[in-house]
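Just below is one structure, and these are the notes that go with it.
Quick note on labels: first sequence line is chain A, next is B, and so on, each numbered from 1. The analysis underlying the following values was restricted to heavy atoms, covering all of them including side chains, and did not include hydrogens, waters or symmetry mates.
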Amino acid sequence: MRIAGKGQGADAKTVNFTFNGRHLMGRAGETLAAALLANDIHLVARSFKYHRPRGILTAGSEEPNALVTLGAGPVQDPNQRATTQELYEGLEARSQNCWPSVEHDVMAVNNLAAPFLGAGFYYKTFMWPAAFWEKLYEPMIRRAAGLGALSGLADTDRYEKAYGFCDLLVVGAGPAGVMAALTAGRAGADVLLLEEDSCLGGRLLAEEEEIDGKPAQIWLQEAEAELQQLDNVRIMRRTAVTGAYDHGTYGALERVGHHLPRQHSLKGSQRPRECFWRIAAKHCILAAGAIERPVAFRNNDRPGIMMAGAVRAYLNRWGVAPGERVTLFSNNDDAHRTARDLVAAGVHLAAVIDSRHDAPDSDLYPVLKGAQVCNTSGSKRLESITVRSVRGEERIQSDCLAMSGGWNPSLHLTCHLNARPSWRRELLAFVPQVGAVPGMRAVGACNGSFSTHAALREGAAAADAVLAELGLRVTAAAQLPEAEDQPYRIAPLWAVPGKGRAWLDFQNDVTVKDVTQAADENFRSVEHMKRYTTQGMATDQGKNSNVAALAVLADVTGRSIPETGTTTFRPPFVPVAIGAMGAGAADQGFKPQRFVPSHLVAEERGASQLEVGLWYRAAYFPKPGETNWRQACDREIMSVRQSVGVCDVSTLGKIDIQGPDAAKLLDFVYTNTFSTLKQRRVRYGLMLREDGFVMDDGTCARLGDTHYVMTTTTAAAGEVMAHLEFITQVLHPEWDLRFTSVTENWAQFAIAGPKSRLLLNDLLDQPLAPADWPFMACGAVTVGGIQGRLFRISFSGEEAYELALPASYGDSLFRTLLERAEALGGGAYGMEALNVLRIEKGFVTHAEINGTVTAQDLGMQAMMSQTKDFIGKAMAQRPGLVAPDRMQLVGLKPIGAVQELSAGAHLFDPEAPVERIQDQGYVTSVGFSPLLGHMIALGFLKRGASRIGDEIRLVDHMRGIDALCQVVEPVFFDPEGERMRG
Amino acid sequence: MVDLLAKTACDGLAPLNIGTVCLREGPTVPMTTLAPYRGQQAALDAALQAAHGLGFPPIGGSCQSGDARALWFGRDLGLLMGIEPEATLAQYAALTDQSQGWAVMQLEGQGGEEVLARLCPVDLRLSAFGVGAALRTEARHMQASICRIEEDCFQIMVFRSMARTMYHDLKTAMEAWAARG
Amino acid sequence: MRIHCPLCGARDRREFSYKGAALVRPLAAAESEAWHAYVNLRENPAGPLAELWYHEMGCGSWLQVTRDTVNHTVSEVVLARDAALGAGV
C-alpha cells in the first residue's frame with residue numbers, strides 16, 4: 001500500500017510490469033519487491049521443501065524467500081531476488097517452485113507430510129534399494145523441491161570480465177563508506193567506491209534521521225556531488241564485492257543490464273548483462289553494513305512477517321506500508337525506530353512486543369514488555385499473531401509483523417582468507433577479526449558499530465590511516481558531521497520456546513527442530529549440522545539465519561556460541577552467473593586461434609582444418625571428384641614421392657640465437673654437439689628433459705659464427721622457449737648470448753619431392769649451385785628480390801627444402817609455389833600426407849615423443865654425447881632408463897589381408913592371452929602407405945630392436961581391431977636415405 | 001623474376017569505429033629487437049643515441065626520435081620501430097628482424113582504457129601508464145605489448161598469427177563498452 | 001594472487017607460470033643420489049618455500065619467489081639469475 005507523498009521516488013514516473021501474468025504498476029527505480037508490496041501482493045513464492053506460502057522478508061540481497069524468474073527462453077533468469085531487482089518498463093516476473101500457481105500449489109501437500117520430512121529424511125528414507133537412488137528417488141526429490149529452473153537453452157545474453165585497480169577500495173556506500181571515500185578522496189587518494197545498490201546511501205536510504213543538522217538524504221546528495229567532482233574517485237553502483245582473495249585482489253559483480261528492459265540489453269545492443277571485475281587494491285575499507293536476523297517462533301514464515309529494518313526501508317525509501325495493521329516483535333532498541341517511523345507515517349501500529357522487561361516505553365504505541373510472539377495464523381497472508389506474556393496468551397489481529405532479533409555485521413569478506421570472526425557478547429554478534437584480510441579495515445556496522453555517528457567516525461579514521469600508509473597528507477581534518485549516536489541495546493532471544501515449527505533458514509526450510517534433531521543424532525559440529533540440515537545453503541547462503549541456527553545448536557549442545565563457532569564463509573557473497581565467471585571464453589573467445597600465412601589459400605581450396613595446439617593447419621586439399629579424405633591424402637603423398645609437394649610448416653618454432661656463447665647453450669640443451677657444426681649447415685638435434693626423457697627434437701642451423709636458428713616442433717615451441725630461458729637465466733646466467741622467437745616473422749614452406757630443385761631453380765633469383773647445396777645445407781636466397789632463407793632438410797625422405805620468407809609475403813609465395821608445383825604434376829599437401837610421409841621414413845613426432853621415451857627407446861642413443869654435459873644426461877643413465885627390456889621403437893606391417901591398424905592399440909605375443917600383464921607394447925602412429933599398398937605403423941615394443949622379423953598381435957578393443965603384424969625396422973621406405981641426399 | 005605481394009598482419013580486418021573508440025592497423029614499419037649482450041646495455045644506449053638520436057628504452061617505457069621509437073619489450077629487450085638499425089649496433093646487441101612477426105594495432109579515442117581493462121590484467125589508466133609507457137602483459141590469452149603512444153592512443157601488439165583473435169576480442173570489448181552509453 | 005616482478009611491478013598471477021621449488025642443479029659429475037634429489041625429491045613445508053615462477057606473459061623473467069604455503073604471503077622476489085641456482089656441487 002502506497003503512502004502518498006512518502007518515499008524518495010514519490011515523483012518518479014510510473015512503469016508497467018507483470019507478476020504471474022497480472023498487469024501492475026510501480027515507480028521507476030524501485031525494486032520489484034517494493035512495487036509488489038505497493039500493490040498489496042505479499043504471496044510471492046513457495047518454499048523450497050514444504051511449498052509453504054512465502055512473502056518478502058527483507059529489503060536487500062540477503063533475501064531468502066522472494067525469488068522470482070524473469071524472462072523466458074534463452075534469457076530466462078531464475079532465482080532473481082525481488083528485493084534487488086529494479087523495476088523497468090515491461091518487466092515480466094513470475095513465481096517459481098509452484099504448480100499450477102503460487103496461489104494454488106499442488107506440492108503444498110508436502111507441508112502436511114512435514115512431520116516426516118525433517119532433517120536427514122532423505123538420507124534415511126531413500127537408502128534401499130541402492131539402484132533406486134539415481135533412477136527414481138533423486139529425480140523425484142528434485143522435481144518436488146527446488147528453486148527456479150533454467151530454460152535449457154544456451155544463454156544469449158552477453159557477459160563481460162574486467163580488471164580494476166585502485167589504492168583504496170571502499171566496499172559499501174553507506175555512511176561509513178561514503179565518509180571513508182570523502183576523506184580519502186579529498187586527500188587525493190585513488191579511490192574506488194563500490195555499492196551493491198542502485199544508489200549511494202546504504203542504510204541511510206531507509207532511515208529518517210539527520211546528519212550535520214540536515215536530513216540525511218540532503219547530506220548524502222551533497223557528499224555524492226562532491227565525490228563525483230573528484231577525478232580520483234570512481235563510483236560503481238550495482239556492484240557487489242563477491243570475494244576477497246590473496247594480495248589485495250577482490251572479485252566484484254557489476255549488474256550492468258539487470259535494471260534495463262531486455263530488448264535494451266539484447267537486440268541492437270551489445271550491452272552486457274553482468275560484468276565480473278577483478279580488482280587489485282592496495283587497501284580496502286569494508287563498510288558492508290549489517291544484516292538483520294529474524295527470531296524463530298512458531299509459524300514465523302508467513303507472508304506479511306518481515307524484518308523490522310526492511311519494513312522501515314519500504315516505508316521510508318519507497319513510501320510503501322507493508323500492512324494496514326502492523327505489529328512489531330523485537331529484542332533490541334533499534335527495531336523501535338520502525339515503530340516510530342510507522343506511526344509518524346500514519347500507519348496503524350497495533351502493538352510492539354519486546355522480549356525485554358526493560359524495553360523503552362512510548363506514548364505513541366503500546367509496548368508489551370517481556371512478551372514474545374509464540375504463534376501466527378493466516379493462510380496466504382498473516383492474519384493474526386499470538387503473544388505470550390505474564391498475562392498469558394493473547395491474539396492480536398495484524399497483517400504485517402515486523403520482527404528483529406538484532407543485527408549481524410556483514411563480515412563475510414573478512415573470512416574469505418580463512419580468518420574466523422570474534423564474538424562480541426554485548427552485541428550478541430560476531431565481528432571481524434582485526435587484520436583478517438591483509439590491507440582490509442572493517443568500519444561501521446560491519447565492524448559492530450551500529451550508530452550513524454560511529455559509522456562516520458570509523459569511516460573517516462580508517463581513511464586517515466590508509467592515507468598515512470599511502471604517504472598522502474591528510475588535509476586539515478574536516479569536522480566530523482554530527483549524527484545520531486544511540487547505543488545498541490539488545491537482550492538474547494534466538495528462538496521462542498514452544499511446539500510447532502519455527503523457521504531458522506527460510507530458503508531451505510530449516511526449523512529449530514531440525515537443528516535440535518541434528519544435534520541429537522550427533523551432528524554437533526556446526527559444519528556437520530549445516531550439511532545435515534542444509535542450513536545456510538543455496539542463493540542466500542544463510543545470511544540472515546546462520547547465527548541464530550548456531551545459537552540454537554549451542555543451546556542444545558550446552559556450549560557457548562563462540563565455542564560452537566561459525567561455518568566457513570566462502571565467495572561469492574552474492575550469486576554470480578556462470579556466464580559472468582566465464583565471460584568472453586565462449587566460442588571464439590575460448591582460446592586464441594593462430595592462422596598460418598597460407599590460411600586464405602587453404603580456405604579457398606576447401607582444405608579441411610586440423611587444430612594443432614592453437615594453430616589451424618590444412619589437413620588435406622581436396623580435388624574435384626575425390627569423395628573422401630584418403631583419396632586426397634594418397635594423391636598428395638604420391639605427388640611428393642613422384643614430383644613435388646608444397647606444405648606450410650610456418651608453425652614450427654623458430655628461435656634465433658646469437659652471441660659468443662650461443663654454441664655453449666646448444667651443446668647444453670641438445671644431447672648432441674652443435675659447436676662443431678659448420679656454418680651454412682643444419683643438424684638434427686634431440687633435447688631431453690632433466691629427468692632423462694626426450695623433450696623435443698628438431699633441426700638447428702648455423703647461419704654465422706655466433707648465429708644459429710633452432711627449430712622446435714609446433715607443439716613444444718612454447719615449452720622449449722621457456723626451457724631456454726630457464727637454462728640461460730637460472731642455470732647459466734653467466735653465458736653471453738641472446739635469443740628470441742622468430743616463429744611469426746617467417747612464412748616457411750616445405751618443398752619436397754624429386755622435382756623440388758627444379759621448382760626452386762625456376763623460382764629463386766639465383767639457381768642453386770649443387771655444390772653449395774648438399775643435404776643439410778642452408779643459406780640466404782632471394783625470391784623476387786625479397787631476402788629469404790633456404791634449408792635443405794627433409795621430413796618426407798625426398799629431396800626437400802624449406803624456404804622461409806618474411807611472413808607478409810607468405811600468402812603470395814604459397815600461391816606461386818602451388819602454381820609451379822601443379823605445373824610440375826605436384827601440388828599442396830597437408831598434415832595427413834605429411835604424417836604418412838614421415839611414418840614411411842620412421843621419423844618421430846610427439847606421438848612417439850610422448851614423455852615416457854628415452855633417446856635409446858627411439859634408437860638414437862648414438863646422439864647422446866659422451867664428452868659433454870647436457871640437460872638430462874645424468875638422469876638418462878639411471879638403470880631403469882637404460883634397461884634392455886624397455887620398449888623400443890619399431891615398425892609394424894600387417895600380415896595377410898588386414899585392412900586397418902590403429903594408434904593406441906596394444907601389442908601381444910601371438911600365442912599369449914590378451915591380458916594386461918602380457919602387454920608387450922603399443923602403437924603410436926598409423927597410416928596407409930599408397931606406395932606400399934597397405935597400412936604401416938610405428939610403435940613401441942619390449943626389446944623391439946631385437947625382435948625384427950617376429951610376428952606380433954595388435955589388439956584394439958575400442959575399435960574392434962585384432963591384427964597379426966610383422967615387426968620391422970622403423971623405416972619403410974628408402975632406408976639408406978638416398979632420395980633425400982640425392 | 002617472380003613478383004611477390006606483401007600483405008599486412010591485419011589484412012582483411014576492416015578498421016572499426018565503435019562509439020568513441022576506433023581500432024586500426026598501425027603503419028607498416030621496420031621492427032627489430034635489440035637484445036644487448038652481457039654488460040653492453042650502456043654502450044648500446046650510447047650507440048643508439050649516436051646513430052638514431054634515441055636511447056635504449058627504460059623498463060616500462062619508450063624513447064622516441066622523429067619516426068623512430070624504441071620501446072621496452074621485456075627483460076633486457078628493446079624493440080626499435082620505424083627505422084632499420086645501423087649495422088654497427090650488432091657489436092653491442094643481438095639484432096633480430098621482427099618486422100613481420102607482430103600484428104600492430106592502434107586503439108584510439110576516449111574509452112580506450114576501458115576497452116583494454118576488459119582484456120589486460122594491468123593498470124593502464126593515465127595516472128599509472130602515461131604517454132610513452134610500454135609494458136608486456138596478457139591480452140586475453142595472448143602475450144601482448146602495450147604502449148601508450150599518445151594520451152588517447154594505445155598501440156597493441158600480438159603475434160601475427162593471432163591478429164584475428166585480438167581483433168575479435170577488441171571488437172567485442174569495444175561493442176560492450178559503447179553499448180553502456 | 002599477485003606477484004611483485006622486480007622488473008614489471010605487482011602483476012596478476014595469471015601472467016606467471018609455475019615450475020616448483022627453487023633448487024640448485026647438481027654438477028654433471030654429482031652422485032646419482034644428488035640428481036635423484038634434484039629431480040624427484042621435494043620438501044613440502046607448511047611455511048616459506050623458495051620456488052620458481054616464470055613471468056611468461058610479461059617480461060620473460062624467471063623469478064625466485066619465497067611464498068608461505070600456509071597463507072600465500074610472499075616475502076621475497078628476486079630475479080632467478082641472481083639466485084645462484086646453477087652453481088651446484
Side-chain angles (χ1 to χ4, degrees), chain A residues 158 160-165 190 232 256 265 269-272 275 278 280 584 588-589 591-597 600 614-615 650-651 656-660 707 729 734-747 763 765 783-786 805-813 816, chain B residues 1-9 11-12 18 28 33 35-39 75-77 90 93-103 114 117-125 127-128 140-142 158-166 168-169 172-181:
Chain A
R158 279 217 186 189
E160 188 175 61
K161 269 195 254 189
Y163 299 95
F165 298 86
D190 170 24
N232 52 317
V256 186
S265 67
S269 169
Q270 321 288 344
R271 192 183 174 96
C275 179
R278 290 174 172 84
Q588 274 187 70
K591 59 186 180 184
Q593 296 173 300
R594 302 181 80 174
F595 296 109
V596 293
L600 270 185
L614 301 176
W615 289 99
S650 308
T651 60
D656 188 276
I657 306 169
Q658 301 182 50
H707 189 187
Q729 291 184 43
E734 75 282 5
W735 287 348
D736 190 10
L737 75 138
R738 300 304 304 270
F739 57 87
T740 183
S741 168
V742 290
T743 306
E744 299 266 354
N745 196 56
W746 299 93
L763 176 76
D765 296 352
V783 182
I786 312 298
L805 239 54
S808 57
Y809 296 103
D811 178 85
S812 184
L813 177 63
T816 305
Chain B
M1 205 159 88
V2 292
D3 195 14
L4 297 177
L5 301 172
K7 282 188 171 179
T8 65
D11 185 75
I18 302 175
T28 303
T33 47
Y37 293 123
R38 259 179 92 79
R75 183 189 61 94
D76 297 341
L77 194 64
L95 310 179
T96 310
D97 180 22
Q98 296 282 17
S99 306
Q100 316 291 336
W102 293 82
E114 299 289 347
R118 267 87 193 144
L119 305 173
C120 302
V122 285
D123 191 355
L124 296 174
R125 293 174 301 160
S127 53
R140 264 287 147 70
H141 307 103
M142 294 167 280
V158 293
F159 283 146
R160 181 188 186 95
S161 66
M162 301 184 187
R164 281 201 215 181
T165 299
M166 188 74 256
H168 166 267
D169 290 349
T172 305
M174 288 164 75
E175 286 168 350
W177 174 247
R180 285 183 178 229

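- Here B:T172 contributes atom OG1 and A:Q588 contributes atom CD; the two are 8.0 Å apart, rounded to the nearest 0.5 Å.
- With hydrogens and angles disregarded, a donor-acceptor distance shorter than 3.5 Å links the side chain of B:Q98 to the backbone of A:S741.
- For the atom pair CD of A:Q658 and CG of B:L95, the computed distance is 7.0 Å after rounding to the nearest 0.5 Å.
- Between chain B and the residues A:A280, A:G584, A:P592, the largest count of heavy-atom pairs under 4.5 Å involves A:P592.
- Ranking A:I786, A:T651, A:T816, A:V783 against chain B, the residue ahead of the rest is A:V783, based on heavy-atom pairs under 4.5 Å.
- Highest contact tally toward chain A, considering only B:R75, B:R140, B:M166, is held by B:R75 [criterion: heavy-atom pairs under 4.5 Å].
- Of all the listed residues (A:V742, A:D765, A:V256), the one sharing the greatest number of non-hydrogen pairs under 4.5 Å with chain B is A:V256.
- Heavy atoms only, all atoms of each residue included: B:L77 and A:R738 are closest at CD1-NH2, 4.2 Å.
- Annotation for A:E160 and B:A176: closest pair OE2-CB, 3.1 Å, computed over non-hydrogen atoms.
- Here A:D190 pairs with A:C166, A:D167, B:R125 under the side-chain contact (heavy atoms from CB on, under 4.5 Å) rule; sequence neighbours left out.
- Between chain A and the residues B:D169, B:T96, B:D11, B:T33, the largest count of heavy-atom pairs under 4.5 Å involves B:T96.
- With chain B as the partner, the residue from A:K161, A:E734, A:K591 showing the most heavy-atom pairs under 4.5 Å is A:E734.
- Looking only at heavy-atom pairs under 4.5 Å with chain A, the residue among B:P36, B:A128, B:G39 that has the most is B:P36.
- Summarising the geometry of A:Y809 relative to B:A6, their closest heavy-atom pair is CE2-CB, 3.6 Å, with the distance given to 0.1 Å.
- For B:W177, the ring pair (Phe, Tyr, Trp, His ring centres under 6.0 Å) test picks out no residue, with sequence neighbours left out.
- To the nearest 0.5 Å, atoms CH2 (B:W102) and CG (A:N745) are separated by 11.0 Å.
- Atom OG1 of A:T743 sits about 13.5 Å away from atom CZ of B:R160, to the nearest 0.5 Å.
- For B:Y37 against A:D736, the heavy-atom pair with the smallest separation is CB-OD1, 3.3 Å.
- Contact count versus chain A (heavy atoms, under 4.5 Å) is highest, among B:V158, B:D97, B:L124, for B:D97.
- Interatomic distance, CE of B:M162 versus CD of A:E744, reported as 6.5 Å (0.5 Å rounding).
- Using a 4.5 Å heavy-atom threshold, the side chains of B:H168 and A:Q593 count as separate.
- Using a 4.5 Å cut-off on side-chain heavy atoms (C-beta onward), B:K7 and A:L600 make contact.
- When heavy atoms are compared at a cutoff of 4.5 Å, B:D123 approaches chain A by way of both its backbone and its side chain.
- Distance check, rounded to the nearest 0.5 Å: SG of A:C275 to CZ of B:R118 gives 5.0 Å.
- Counting heavy-atom pairs closer than 4.5 Å to chain B, the top-ranked of the candidates A:A807, A:S808, A:A162 is A:S808.
- Minimum interatomic distance between B:S161 and A:R594 (heavy atoms only, all atoms of both residues): OG-NE, 3.0 Å.
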